[in-house]
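This report concerns only the one structure given below.
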There are 2 protein chains.
Amino acid sequence: MPGFPLEPGATIGILGGGQLGRMLTVAATELGFDIAVLTPRENAPDARVAAYAITAAYTDEAALRELADLCDVVTFEFENVPADALEFLAGLGCPIAPGPKALASTQDRVAEKTFLNALGIETVAFAQVDGPDDIGPALERLGAPALLKTRREGYDGKGQRWISTAAEGAAAFAELGGKPAILEARAEFVREVSIIAARGHGEQLAFYPVGENRHADGILKTTVAPAPEWERVQDRAEAIAAAILEDLDYVGVLGVELFELADGRLLVNEIAPRVHNTGHWTQDGAVCDQFEQHIRAVAGWPLGATQPLVAIEMENLLGQEVETWPDIAADPYARLHLYGKGEARPGRKMGHVNRLRPLPD
Amino acid sequence: MPGFPLEPGATIGILGGGQLGRMLTVAATELGFDIAVLTPRENAPDARVAAYAITAAYTDEAALRELADLCDVVTFEFENVPADALEFLAGLGCPIAPGPKALASTQDRVAEKTFLNALGIETVAFAQVDGPDDIGPALERLGAPALLKTRREGYDGKGQRWISTAAEGAAAFAELGGKPAILEARAEFVREVSIIAARGHGEQLAFYPVGENRHADGILKTTVAPAPEWERVQDRAEAIAAAILEDLDYVGVLGVELFELADGRLLVNEIAPRVHNTGHWTQDGAVCDQFEQHIRAVAGWPLGATQPLVAIEMENLLGQEVETWPDIAADPYARLHLYGKGEARPGRKMGHVNRLRPLPD
């Protein structure tokens with residue numbers, strides 16, 4: 001097992017299968033690394049461009065051994081990989097970044113908010129919902145409407161329902177599979193912003209300018225970065241990200257979604273221990289993009305420059321919106337990124353476009 | 001066989017095996033294409049990241065059939081692929097870009113200069129050398145010293161010798177294998193510049209700002225782009241490139257190396273029917289880099305913007321210079337690109353670094 005920094009030619013493993021793994025693979029390729037992807041999906045977007053592809057369940061021990069043998073470090077493209085898989089890899093002596101603590105603090109929405117509040121970071125008020133009987137008292141305390149979410153595994157608006165009454169809550173709880181849940185108070189925010197941050201070996205920190213995000217049906221639709229009036233929130237967003245990164249002894253890129261309230265407060269909505277959709281603008285807007293930044297961090301390299309060169313309006317191409325690619329391709333200042341996915345199911349992230357704009361003064 | 005523009009998900013073939021193929025693969029991946037590489041080299045830099053890799057001689061007919069079956073268009077990463085291979089692919093009905101005429105006009109140094117001069121484009125004076133007896137009279141006419149080169153297959157200073165006498169010429173001719181050669185007059189140039197140009201379907205043209213190049217031992221060492229005082233030569237460089245692209249009914253990216261003389265004239269030194277080392281700066285300096293531009297062109301897409309966002313000093317990392325990667329990685333404004341090659345033989349292109357600089361006024 002070589003030490004860090006990893007030398008070019010080393011192999012980095014990704015528990016992957018999607019577009020984030022694909023864009024990490026591209027970034028690693030440019031730095032001279034090989035990528036090995038482990039994914040249960042056949043012909044996955046990242047596996048098609050990785051030097052090594054292992055098609056198996058994340059918990060397949062033979063596959064994990066093969067990955068550990070190939071790789072000098074292993075990372076992951078989303079926070080819902082089984083913690084058992086990382087523990088098994090760690091048990092084989094395989095370095096993992098970010099570490100298991102980051103995963104444990106973000107896989108469960110109650111654990112995440114508890115962790116954040118313990119650091120003195122504000123979130124919306126919330127209540128743990130183990131069964132339908134918990135919902136009435138929680139609604140009483142948090143106010144209606146409130147958002148019922150599964151504690152684990154939801155993303156892109158999946159696994160969540162707005163509820164206003166205990167009866168609605170009981171029905172929603174059943175619809176969501178009767179699994180452990182969380183009820184979140186509604187945030188009266190004026191906008192959603194996010195910060196992409198990174199921490200390297202040796203505690204080096206880097207922060208991109210915050211972006212402003214719009215969601216539709218629970219799915220990110222656009223990010224404008226740097227956000228309008230980004231300086232108003234930048235320092236506080238960085239302080240929040242830094243506290244999280246340092247407490248988790250984190251290595252890699254982290255995404256932090258924030259609600260900006262009318263009174264100026266910032267609440268953390270969600271953290272993602274990985275490259276993040278709201279950071280895709282960095283591919284065409286910043287000196288070193290979030291994907292290369294993550295690869296640099298997990299390889300033990302110094303971090304790259306986060307300076308913006310242009311402003312970007314990032315738009316996700318969801319489902320059949322990808323069919324507008326000819327119009328996007330015809331705009332020389334629209335930078336198109338497509339994920340090589342086959343079927344354009346409704347709401348599926350098929351690609352994104354970064355439209356170049358002049359930097360704000 | 002689908003028509004053009006190719007849809008995302010289509011497969012583009014590369015007769016490849018090196019770093020240019022690798023960087024083309026990365027660019028195609030971001031646009032949602034799959035790449036199929038045919039190369040005689042095992043574990044080649046591009047084959048490792050391509051969706052499909054065929055390891056066989058370029059002239060292996062079964063391999064070429066396999067490539068044609070996989071691909072919607074085939075391109076190449078260097079001009080020394082056998083013309084027979086392209087003809088065989090064309091005979092199978094496989095679209096090829098740039099076309100065979102581009103290859104025929106650039107594989108042979110005598111044919112290339114003859115082609116350029118016929119277009120009214122100046123080159124250094126030259127003489128065809130079929131045997132050692134041709135050298136004396138040629139030296140007489142061109143003046144000494146002059147540069148003896150093989151007509152075919154030289155690159156990076158390989159296959160060439162400066163000679164001052166007929167006896168030196170005869171020895172050099174033998175050293176170069178006794179192959180058909182060309183003798184080139186010495187150009188009294190004040191600097192070498194190059195222009196990267198592209199032509200798409202529908203005759204669309206695009207030009208990057210010229211770069212200024214320095215070579216050492218016949219190998220490109222640095223490119224500064226945009227070149228100092230680039231406006232002085234830009235219009236004429238574009239006119240030269242446009243004439244070449246149009247005459248060849250070219251589709252793809254073309255590199256044109258130019259000598260700028262003290263009297264202001266521009267002579268074409270060499271043209272390359274492909275992405276070019278002197279265009280690597282575009283990866284970190286221009287809106288759309290030359291690799292994506294080439295993929296767009298051969299896919300029949302509109303061309304991207306060539307506008308520079310920052311100035312770049314590109315430096316090739318030759319042989320053991322690649323071992324300086326930790327210093328480069330520690331500079332946040334140095335953009336490192338490594339090719340995933342194993343052995344750092346002297347003079348071998350192992351990677352390059354693009355250093356960001358403010359744009360000239």
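Sequence lines set the chain letters: A, B, ... in the order given, protein chains first and strands last, and positions in each chain run from 1.
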Which atoms of A:Ala329 come close to chain B, meaning under 4.5 Å heavy atom to heavy atom: side chain ones, backbone ones, both, or neither? both
So, for A:Gly252 and A:Val298, which heavy atoms are closest and what is the spacing to 0.1 Å? CA-CG1, 4.4 Å
Going from CG on B:Asp289 to CG on B:Asp284, what distance comes out if it is rounded to the nearest 0.5 angstrom? 8.5 Å
Of all of A:Pro8, A:Ala330, A:Ala51, A:Gly304, which one pairs up most often with chain B through heavy atoms under 4.5 Å apart? A:Pro8
ring-ring contact (aromatic ring centres under 6.0 Å, His included) partners of B:His276, counting only residues at least two apart: none
Taking atom types as modelled, is there a side-chain donor on B:Gln307 or A:Tyr333 under 3.5 Å from an acceptor on the other? yes
May I ask you to test the B:Pro308-B:Tyr208 pair for a side-chain heavy-atom distance under 4.5 Å? no
In terms of heavy-atom pairs under 4.5 Å with chain A, which of B:Pro302, B:Gly351, B:Ala206 leads? B:Pro302
What part of A:Ala334 lies closer than 4.5 angstrom to a heavy atom of chain B: side chain, backbone, both or neither? backbone
Close approach to chain A in residues 25-35 of chain B, criterion heavy atom under 4.5 Å: B:Val26, B:Thr29, B:Glu30, B:Leu31, B:Gly32, B:Phe33, B:Asp34
Do B:Gln283 and B:His352 come close enough that some side-chain heavy atom pair is under 4.5 Å? yes
Are A:Val353 and A:Arg335 side-chain neighbours, meaning at least one heavy-atom pair lies under 4.5 Å? no
Consider side-chain contact (heavy atoms from CB on, under 4.5 Å). Of A:Val37, A:Leu24, A:Asp72, A:Leu6, which one does A:Ile12 pass it with? A:Leu6
State, with a plain yes or no, whether a side-chain heavy atom of B:Phe291 is found less than 4.5 Å away from one of B:Val253. no
Would you please go through residues 309-327 of chain A and name the residues with a non-hydrogen atom below 4.5 Å from one of chain B, in numerical order? A:Leu309, A:Val310, A:Trp325
Per the side chain to side chain donor-acceptor pair (under 3.5 Å) rule, what does the pair list look like for residues 5-23 of chain A, sequence neighbours excluded? A:Gln19-A:Lys341
Classify the angle between the aromatic ring planes of A:Tyr339 and A:His280 as parallel (below 30°), tilted (30 to 60°) or perpendicular (above 60°). perpendicular
